[in-house]
Chemist: 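Let me begin by handing over the structure; questions about it come next.
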Amino acid sequence: MRELERYYRVLDLEPGASLEEVNQAYKDLAFIWHPDRIPQENQRLREKAQKKLQEINEAREKLRSLKTKHQIPHHSHHSHHSYNSYQPYQHHSPPPPPKKPQTKTTYQSPNPQSSNSRSPNPQSANHQSPNPRSTNPQSPNYEPPKQNPDLSGKDFSHANLSNKDLSGRNLSYANLSGANLTDAFMHKVILRGADLSEANLFRANLLLADLREANLRNTNLIGADLSGADLRGADLTGARVRSGDRLLVKLIGANLSGAIMPDGNVHG
């Protein structure tokens, strides 16, 4: 009986929860802890997430097996549908279609030499032809544009930055109010004092981000990963972080000292 209660606790459920509640809790937690949402270089967190995912799978299988045996035995063959092989994550959140090349050039400066330079020497032209620089992300010769890391104080209010890679960029005191940052990769981004009020950070990766004194009022943080982030003095008043009583934001190792929490209380 204690083992059964442990399975309920793994899924953040009260003992006796319905099969529907078990399935919903499983989907929520598997989404949050899926290792694919953690950068490849952070092996420690990836291993921790994988272990947590295995515990979630086991709890769901045990509870589902018990309930289907007594309630709906003919559905028992669904018990093999799990996130253990990572396939369901791709199933529920299919990868976006390939982006058009122009979406990759948001921060790209044109290189006049790549299109206008001509050599009067045929041998010189032939020497350059085997490996031309390509602006097509699908090309094997593609070189990503060099980015200016300093975007401090810039105005990106209500901008569509969905799926953008802003990792390591300096966006301190930038205006990102109302911006769409869904699925944005913002690993180690600097957002100190930035205005992110009412921005959409759904599933954004903010691992180790600097969010000191940032304005996160009424921001959507559902599914966001703020593990290791510095949130000292940040204002999260009214921010969306829960679905019912379930916390849907990763805050492992985050520093919340002095932060104003969504309920208005100051974190000790």
Side-chain angles (χ1 to χ4, degrees), residues 32 37-39 93 96 99-110 137 144-243 247-267:
I32 292 174
R37 302 191 67 242
I38 299 174
S93 299
K99 298 183 179 65
K100 296 180 181 179
Q102 59 266 30
T103 62
K104 292 287 184 178
T105 60
T106 304
Y107 303 108
Q108 182 178 2
S109 299
K146 294 182 179 179
Q147 297 181 342
N148 178 8
D150 189 4
L151 296 170
S152 57
K154 299 293 184 181
D155 187 1
F156 294 103
S157 58
H158 300 283
N160 183 10
L161 300 173
S162 177
N163 291 289
K164 295 295 182 184
D165 184 357
L166 298 169
S167 54
R169 308 298 293 274
N170 181 9
L171 285 154
S172 56
Y173 303 102
N175 182 4
L176 291 152
S177 59
N180 178 14
L181 289 157
T182 57
D183 292 304
F185 187 69
M186 307 172 77
H187 183 211
K188 292 185 177 180
V189 70
I190 302 173
L191 287 162
R192 182 172 186 176
D195 184 0
L196 290 149
S197 58
E198 299 185 356
N200 187 0
L201 287 162
F202 177 67
R203 293 190 308 202
N205 188 323
L206 289 149
L207 192 72
L208 301 175
D210 183 353
L211 286 155
R212 287 174 292 172
E213 303 161 7
N215 180 1
L216 293 159
R217 296 173 68 93
N218 301 313
T219 300
N220 180 16
L221 294 171
I222 297 293
D225 187 351
L226 291 159
S227 300
D230 191 347
L231 287 152
R232 287 177 291 173
D235 186 356
L236 290 91
T237 304
R240 294 179 57 195
V241 297
R242 296 178 179 275
S243 176
L247 182 66
L248 294 179
V249 179
K250 290 179 70 173
L251 291 165
I252 302 170
N255 189 343
L256 291 160
S257 179
I260 303 175
M261 304 308 288
D263 59 3
N265 292 323
V266 178
H267 193 278

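The analysis underlying the following values was restricted to heavy atoms, covering all of them including side chains, and did not include hydrogens, waters or symmetry mates.
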Chemist: Considering non-hydrogen atoms only, spot the tightest contact between Asn205 and Phe185 and give its length.
Modeler: ND2-CE1, 3.6 Å

Chemist: Give the C-alpha distance, both sets of side-chain angles, the deciding distance and a yes or no for side-chain contact (heavy atoms from CB on, under 4.5 Å) between Ser152 and Tyr173.
Modeler: CA-CA 6 Å; Ser152 57; Tyr173 303 102; 5.8 Å; no

Chemist: Work out which heavy atom in Leu247 is nearest to a heavy atom in Val241; give both atom names and the distance.
Modeler: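 Smallest heavy-atom distance, with atoms named: CD1-O, 3.5 Å.
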
Chemist: Could you pull out the closest heavy-atom pair between Leu236 and Ala259, with the gap in Å?
Modeler: CD1-CB, 4.3 Å

Chemist: Could you tell me whether the side chains of Ser177 and Asn175 share a donor-acceptor contact shorter than 3.5 Å?
Modeler: yes

Chemist: Which heavy atom of Ala214 sits nearest a heavy atom of Leu191, and at what distance?
Modeler: CB-O, 3.7 Å

Chemist: Where do Asp225 and Val249 land on the side-chain contact (heavy atoms from CB on, under 4.5 Å) test, with the steps shown first?
Modeler: CA-CA 6 Å; Asp225 187 351; Val249 179; over 6 Å; no

Chemist: To the nearest 0.5 Å, how far apart are CG in Leu171 and CD1 in Ile190?
Modeler: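 One finds 8.5 Å between CG of Leu171 and CD1 of Ile190.
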
Chemist: Working to the nearest 0.5 Å, report the span between OG1 of Thr182 and CG of Asn220.
Modeler: 9.5 Å

Chemist: Under a 3.5 Å threshold, yes or no: a donor from one side chain and an acceptor from the other, between Ser162 and Asn160?
Modeler: no

Chemist: Test your reading of the model: is there a side-chain donor-acceptor pair from Asp230 to the backbone of Arg232, 3.5 Å cut-off?
Modeler: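 At least one qualifying donor-acceptor pair exists.
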
Chemist: With side chains defined as the heavy atoms from C-beta onward, is the minimum distance between Ile32 and Lys250 less than 4.5 Å?
Modeler: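 Sidechains of Lys250 and Ile32: in contact.
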
Chemist: Does some side-chain heavy atom of Thr237 sit less than 4.5 Å from a side-chain heavy atom of Asp263?
Modeler: no

Chemist: To the closest 0.5 Å, what do you measure between CG (Leu211) and CG (Asn255)?
Modeler: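 Separation between the atoms: 11.5 Å.
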
Chemist: Give a yes or no answer on whether the side chain of Asn170 reaches the backbone of Ser172 with a donor-acceptor pair at less than 3.5 Å.
Modeler: yes

Chemist: Are Leu248 and Arg240 close enough that some pair of their side-chain heavy atoms sits under 4.5 Å apart?
Modeler: no

Chemist: Under a 4.0 Å N-O cut-off, is there an ion pair linking Glu198 with Arg217?
Modeler: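 Answer for the salt bridge query: no.
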
Chemist: What are the two closest heavy atoms between Leu256 and His267, and how far apart are they?
Modeler: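 Nearest pair, atom of Leu256 first, then His267: O-CB, 3.2 Å.
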
Chemist: What heavy-atom pair brings Leu161 and Ala184 nearest, and what distance separates the two atoms?
Modeler: O-CB, 4.0 Å

Chemist: Distance check, rounded to the nearest 0.5 Å: Leu151 atom CG versus Phe156 atom CZ?
Modeler: 4.5 Å

